[in-house]
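Since the structure comes first, as structure tokens, the remarks are kept for the end.
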Amino acid sequence: MPTAAATVVEIDTPHGPARAHVTKIRGAAGAVVLGHGAGGGVTSRDLVAAAEAAQAEKLSVALVEQPYRVAGRRSPAPARQLDAAWIAVVAHLHAKTLKGVPIVCGGRSSGARVACRTAAETGAAAVLCLAFPLRPPGRPPGRPSAPSRQDELDGVTVPVLVVQGTGDPFGMPAPGPSRTVVQVAGNHSLRSDLGTVRTAVREWLTEVL
């Protein structure tokens, strides 16, 4: 977890309570709200690195546990439930804990997809994607490729940063007019070059907030 002390906030959602680990920075000009991957939690190294980068820029941070994780389940909920819970969490944070500042939404892997799909509903100022899972890997030879999720990225109208491992088996998203893709050494975990992850996130945040 980030070095500054975090306050744990339980937030009701349509699909059970979520949990936000909030680190408020006095006088922050904005906040970064990040969700975890499908089978992981908020202690993933790349999430922690991104949170540290945000705090270094004097931004508040909230790392959010989806209701299924709070309930002790590892298998993720359906997309519509993830999205509804996320929208409820960001609305609560925006109205109370992180009131009055612009919010960058994001997350790693599945959490990045949720942030993209809900960017308009949450009023996100920008979206941060760590290890965006462009296409499910592992299709046997001879079978058609799995459908791309590039449209989820393309549907976001605010600035987007994608930090992606060069060897990520989920593929490499394409850049776009308001989307920056930073490639770092490593795979889907992004653990191999956390320094570059921090630098990329920190530099981008200075541009969007």
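By convention here, the first residue in the shown sequence is residue 1. Heavy-atom basis, side chains included; hydrogens, waters and symmetry copies ignored. These numbers come from a predicted model, not from an experiment.
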Exercise for the section: Mind listing the closest non-hydrogen atom pair of G30 and L209 along with its distance? Expected result: CA-CD1, 4.3 Å

Practice task
Please report the shortest heavy-atom distance between G165 and L190, naming the atom on each side.
Solution key: N-CD2, 3.4 Å

Completion exercise
Taken to the nearest 0.5 Å, the spacing of D83 CG from R113 CZ works out to 9.0 Å

Exercise for the section: Using the rule that two of Ile, Leu, Val, Met, Phe, Trp, Tyr join whenever any of their side-chain heavy atoms come within less than 4.5 Å, decide whether V9 and L98 are in one cluster. Expected result: yes

Problem - Approximate separation, where rounding is to 0.5 Å, of T13 OG1 and I87 CD1 - result: 11.0 Å

Exercise for the section: Taking side-chain hydrogen bond (donor to acceptor under 3.5 Å, both in side chains) as the test, write out the residues that go with T97, two or more places apart. Expected result: none

Fill in the blank from the handout: Distance col, row D46:CG vs S189:OG, nearest 0.5 angstrom, shows 7.5 Å

Exercise for the section: Using modelled atom types only, decide if a donor and an acceptor are shared between the side chain of R69 and the backbone of G40 within a distance under 3.5 Å. Expected result: yes

Practice task
Establish whether V114 and L161 are linked, either directly or via other cluster members, by ILVMFWY side-chain heavy-atom contacts under 4.5 Å.
Solution key: no

Problem - Hphob cluster co-occupancy, W204 + V61, side-chain heavy atoms under 4.5 angstrom - result: yes

Problem - Separation between OG1 of T23 and CD of Q55, rounded to the nearest 0.5 Å - result: 4.5 Å

Practice task
Ignoring hydrogens and angles, tell me if any N or O in the side chain of H92 forms a donor-acceptor pair with the backbone of D12 under 3.5 Å.
Solution key: no

Handout entry: Atom of A88, atom of P14 and distance for their closest heavy-atom approach
Key = CB-CD, 3.9 Å

Problem - Side chain proximity check, L34 to L128, heavy atoms < 4.5 angstrom - result: yes

Practice task
Establish whether L130 and V182 are linked, either directly or via other cluster members, by ILVMFWY side-chain heavy-atom contacts under 4.5 Å.
Solution key: yes

Practice task
Indicate yes or no: at least one non-hydrogen side-chain atom of V181 is less than 4.5 angstrom from one of F132.
Solution key: no

Practice task
Report whether V201 and V64 are members of the same hydrophobic cluster (ILVMFWY, side-chain heavy atoms less than 4.5 Å apart, transitive linking).
Solution key: no

Problem - Any donor-acceptor N/O pair, R108 side chain to H188 backbone, under 3.5 Å - result: yes

Exercise for the section: Please test V33 against T122 for side chain to side chain contact (heavy atoms under 4.5 Å, CB included), starting from the C-alpha separation and ending with a verdict. Expected result: CA-CA 11 Å; V33 180; T122 59; over 6 Å; no

Exercise for the section: State, to 0.1 Å, how close Q164 and G171 come at their nearest heavy-atom pair, and which atoms those are. Expected result: NE2-O, 2.9 Å

Practice task
Report yes or no: does Q150 contribute a side-chain atom to a donor-acceptor pair with the main-chain N or O of A174 at less than 3.5 Å?
Solution key: yes

Practice task
Mark yes or no for whether S60, through its side chain, and I25, through its backbone, hold a donor-acceptor pair below 3.5 Å.
Solution key: yes

Exercise for the section: Could you grab the distance from atom NZ of K99 to atom CG of L93, nearest 0.5 Å is fine? Expected result: 13.5 Å

Completion exercise
Shortest non-hydrogen pair, V163 vs A200, comes out as CG2-CB, 4.4 Å

Handout entry: Heavy-atom side-chain contact between V90 and C105 under 4.5 Å
Key = yes

Problem - Heavy-atom check, side chain of P133 versus side chain of R149, under 4.5 Å - result: yes

Exercise for the section: From the options V8, V42, I11, select the one residue that forms a side-chain contact (heavy atoms from CB on, under 4.5 Å) with E65. Expected result: V42

Exercise for the section: For residues V160 and V162, report the shortest heavy-atom separation together with the two atoms involved. Expected result: CG1-CG2, 4.0 Å

Problem - Separation between CZ of R198 and CG of D193, rounded to the nearest 0.5 Å - result: 9.5 Å

Problem - Under 3.5 Å side-chain donor-acceptor pair for S44 and H36 - result: no

Exercise for the section: Check step by step if side chain to side chain contact (heavy atoms under 4.5 Å, CB included) holds for V158 and S178. Expected result: CA-CA 7 Å; V158 295; S178 60; over 6 Å; no

Exercise for the section: Taking H94 for its side chain and V89 for its backbone only, find out whether a donor-acceptor pair lies under 3.5 Å. Expected result: no

In a table with atom names and distances, give each donor-acceptor pair under 3.5 Å that connects a side chain of residues 70-82 to protein atoms at least two apart or in another chain.
from	atom 1	to	atom 2	distance (Å)
R74	NH1	G39	O	3.3
R74	NH2	G39	O	2.6

